[in-house]
Amino acid sequence: MSNPKPSTVSNFIHDRIESDLNENKNDGQVVTRFPPEPNGYLHIGHAKSICLNFGTALKYDGKCHLRFDDTNPSKEETEYVESIMEDVRWLGFDWGDDLFYASNYFDKLYEYAEDLIKQGKAYVCDLSGDEIREYRGTLKEPGKESPYRARSIEENLDLFRRMKAGEFANGERVLRAKIDMKSGNIIMRDPVMYRIQKAEHHRTGSKWCIYPMYDFTHCLSDSIEGITHSLCTLEFENNRPLYDWFLDELQTECHPQQIEFARLNLNYTVMSKRKLLELVKNNHVNGWDDPRMPTISGLRRRGYTPESIRDFCERIGVAKADNTVDIALLEHCLREDLNKIAYRVMAVLKPVKVIIDNYPDGKTEDLTAENNPEDETAGTRTLKFSKEILIEQEDFTEDPPKKYFRLSPGNEVRLKHAYIIKCESVEKDDNDNIIQIHCSYDETSKSGGATADRKVKGTLHWVSAAHCAEAEVRLYSHLFTKENPESGDEDYKNFLNRESLEILTGCKVEQSLAGVKPGLNFQFLRQGYFCSDPDSTNENPVFNRAVSLRDTWAKIQKKGS
RNA sequence: UGCUCGGUGGUGAAAUUGGCAUCACGUCUGACUCUGGAUCAGAAGUCUCCAGGUUCGAGCCCUGGCCGGGCAGCCA
């Protein structure tokens with residue numbers, strides 16, 4: 001496994017950092033941060049942000065902090081904290097000692113809030129939630145000032161301290177910044193800084209009953225940590241004036257620059273934590289790490305490598321335009337990585353028996369198979385060959401269409417690493433199902449043998465019936481049937497692909513795959529890349545199809561139909 | 001009819017900051033192949049949302065439109 005390398009392609013953020021560096025801003029330092037809220041599992045969209053933030057630090061010889069933005073105890077859990085750390089690490093990034101929690105700053109944040117009150121720039125407001133919304137105005141109409149806006153500094157201080165002391169109920173009072181109720185930017189209409197929430201926090205327990213809001217917390221956390229460039233997604237653009245306002249009014253020593261970029265969207269899936277949570281909670285998928293999910297843990301279980309995901313994030317670039325990336329690019333990145341490193345093995349997913357009539361009864365042969373033609377150092381393994389073998393049902397047909405290179409009556413194919421065989425006859429049951437196929441083999445055509453270079457059009461994968469293991473194989477396709485399940489008025493769940501998971505049992509795999517450890521990538525020859533699943537047992541190895549191989553034949557068939 | 005951001009092949013991103021619109025994915029040909037994989041060679045597809053203007057020269061600057069996104073949580 002390789003470590004992340006500094007990115008070679010630039011983007012508008014790196015351009016700005018370079019111009020800052022040229023002006024010797026921040027003493028030539030670059031410090032970024034990845035600030036997830038621990039309220040769900042990370043997904044491929046977060047991977048973009050992780051690669052951007054950690055990658056930027058790597059490129060400019062700076063640092064990237066991991067900071068949990070844990071200011072809302074009702075939604076956050078330790079389980080999420082742990083999964084996030086695991087995922088970031090797995091992606092190949094290292095935050096060193098720079099692990100932080102916004103909740104670590106609650107004391108400081110509280111002092112900053114009192115500071116603002118003392119400056120007359122924050123006040124305690126008794127309006128109810130509904131009233132606050134009413135007073136806020138609308139997108140087109142200005143808001144009205146709260147009747148509590150004019151409270152004295154002393155009264156505000158007293159009330160805020162009593163909020164902290166737990167004297168009031170949830171929702172009874174909030175602390176607000178005194179900015180401008182007529183601002184065109186609704187964010188600036190006296191935003192709430194603190195709310196009362198009598199809830200157990202996953203780190204601070206019951207120490208606090210007031211919790212700071214995102215806007216107040218984020219800029220100050222960045223400032224406290226000495227972040228130079230605070231990279232976030234586009235929906236926070238409107239919040240930047242507020243980010244700057246808090247830091248300006250509090251005259252903090254460090255004033256990071258917030259820069260926004262467009263979040264990642266992928267077709268045939270959804271990318272909001274809320275929707276992913278819903279899929280998990282309502283059992284539309286089997287947990288956060290279901291291989292169909294765009295979560296990091298799902299992709300990992302599916303068989304994606306950290307390298308392929310980083311490569312993907314590099315290729316999609318960073319810009320400000322809304323975008324939907326074709327999932328085919330992600331798949332391309334995986335194939336490219338796995339092509340270099342995955343061992344080739346043979347697995348027959350839907351078997352049909354072939355009997356080689358002129359092959360001696362009871363004979364077995366050891367054949368030598370290369371593990372990876374793309375990598376000489378990968379070595380070889382031994383394969384057993386015998387009279388009865390299994391091939392893929394798809395690889396035989398009685399009436400071959402045009403350009404069909406596989407096995408059919410009277411036709412020859414090569415068995416990979418073994419002999420050329422010819423179909424002599426077909427045996428069927430009463431219902432016209434093929435039971436077994438009778439073939440003859442050309443003894444001199446053995447790989448490495450006398451007429452080994454004799455050409456036939458097709459080459460098939462196979463396993464020896466007496467020398468194989470049974471396995472379960474899970475085939476995945478797009479989670480949604482629609483490119484953009486979120487467009488239009490209809491509920492995205494209506495577009496869930498009912499056939500996104502196909503479970504195949506009774507698959508036959510070569511012996512070397514028996515008892516395989518989970519998390520290993522293989523190429524099943526001619527089929528795709530598969531990854532052993534944690535559900536595997538010695539008796540029942542389970543493989544997930546990460547991605548199929550490019551399939552020219554499938555395209556030809558599609559055009560024909 | 002508030003504030004704000006964006007618009008470059010099918011998709012994503014570039015364009016040395018005003019100088020021949022480039023790259024990748026995808027698509028399509030063909031070659032090669034003991035994986036219909038990989039690889040290699042090639043092709044089509046954008047004249048940059050529109051209309052003006054400045055300029056020898058505009059994707060880039062200016063003006064006016066058009067279209068799309070975000071913002072009215074005591075979420076982040």
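Just so it is clear: chains get the letters A, B, ... in the order the sequence lines come, proteins before strands, and each one is counted from 1. Note that these values count all heavy atoms, side chains included, but never hydrogens, waters or copies made by symmetry. Because the structure is a prediction, the values reported are computed rather than measured.
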Qualifying residue, where the test is side chain to side chain contact (heavy atoms under 4.5 Å, CB included) with A:I17 and the options are A:N22, A:T32, A:N11, A:T56: A:T56
Separation of B:C25 C1' from A:N267 CG (nearest whole Å): 11 Å
Any side-chain heavy-atom pair of A:C333 and A:E336 under 4.5 Å: no
Pairwise C1' distance, B:U16 and B:C28 [rounded to whole Å]: 34 Å
A:N22 CG to B:U17 P, straight-line distance once rounded to whole Å: 14 Å
Anti versus syn assignment for B:U46, with syn defined as within 90° of 0: anti
Carboxylate-amine/guanidinium contact A:D311 A:R315, below 4.0 Å: yes
Value in whole Å for how far the P atom of B:G6 lies from CG of A:N11: 15 Å
Partner nucleotide, any strand, of B:G45 [Watson-Crick/G-U, under 3.5 Å]: none
Whole-Å gap separating P (B:A13) and CG (A:D311): 16 Å
Annotated protein contacts, base or backbone, on nucleotides 33-42 of chain B with a non-hydrogen cut-off under 4.0 Å, one of B, S, - each: -BBBBS----
Separation between the C1' atoms of B:U29 and B:C47, rounded to whole Å: 25 Å
Cation over ring face, A:K275 and A:Y492, 6.0 Å, 45°: yes
Spacing between A:H14 atom NE2 and B:A13 atom C1', to the nearest angstrom: 14 Å
Pairwise P distance, B:C71 and B:A51 [rounded to whole Å]: 32 Å
Whole-Å P distance, B:A13 and B:G9: 11 Å
Electrostatic pair A:E225-A:R67, nearest N-O below 4.0 angstrom: yes
A:Y441 six-ring face occupied by A:K422 cation (under 6.0 Å, within 45°): no
Anti versus syn assignment for B:G73, with syn defined as within 90° of 0: syn
Nucleotides 70-76 of chain B: protein proximity per nucleotide (B base, S sugar-phosphate only, - neither; heavy atom, under 4.0 Å): BBBSBSB
Side chain to side chain contact (heavy atoms under 4.5 Å, CB included), paired with A:S548, selected from A:R335, A:E331, A:R526: A:R335
Base-pairing assignment for B:A31 (Watson-Crick or G-U wobble, both under 3.5 Å): B:U39
Euclidean distance for P, B:G7 against B:A14 (whole angstrom): 10 Å
Strand partner of B:C71, provided both Watson-Crick or wobble distances fall under 3.5 Å: B:G2
A:D322 CG to B:U4 C1', straight-line distance once rounded to whole Å: 13 Å
B:C61 versus B:G18 - spacing of their C1' atoms, nearest Å: 8 Å
Interatomic distance, A:I316 CD1 vs B:A14 P [rounded to whole Å]: 11 Å
Atom pair distance, as rounded to whole Å: OH in A:Y268 and P in B:G26: 15 Å
Strand partner of B:U63, provided both Watson-Crick or wobble distances fall under 3.5 Å: B:A51
B:G57 versus B:A21 - spacing of their P atoms, nearest Å: 16 Å
For the student: nearest non-hydrogen atoms of A:L116 and A:W245, plus distance: CD2-CZ3, 4.2 Å
Single hit among A:K144, A:R149, A:K178, A:R136 for salt bridge (charged side-chain N to carboxylate O under 4.0 Å, His left out) with A:D190: A:R149
Spacing of the C1' atoms in B:C67 and B:U8 (rounded, Å): 15 Å
Among A:F168, A:Y211, A:F160, the one residue meeting ring-ring contact (aromatic ring centres under 6.0 Å, His included) with A:Y194: A:F160
Ion pair check, A:R203 and A:E76, cut-off under 4.0 Å: no
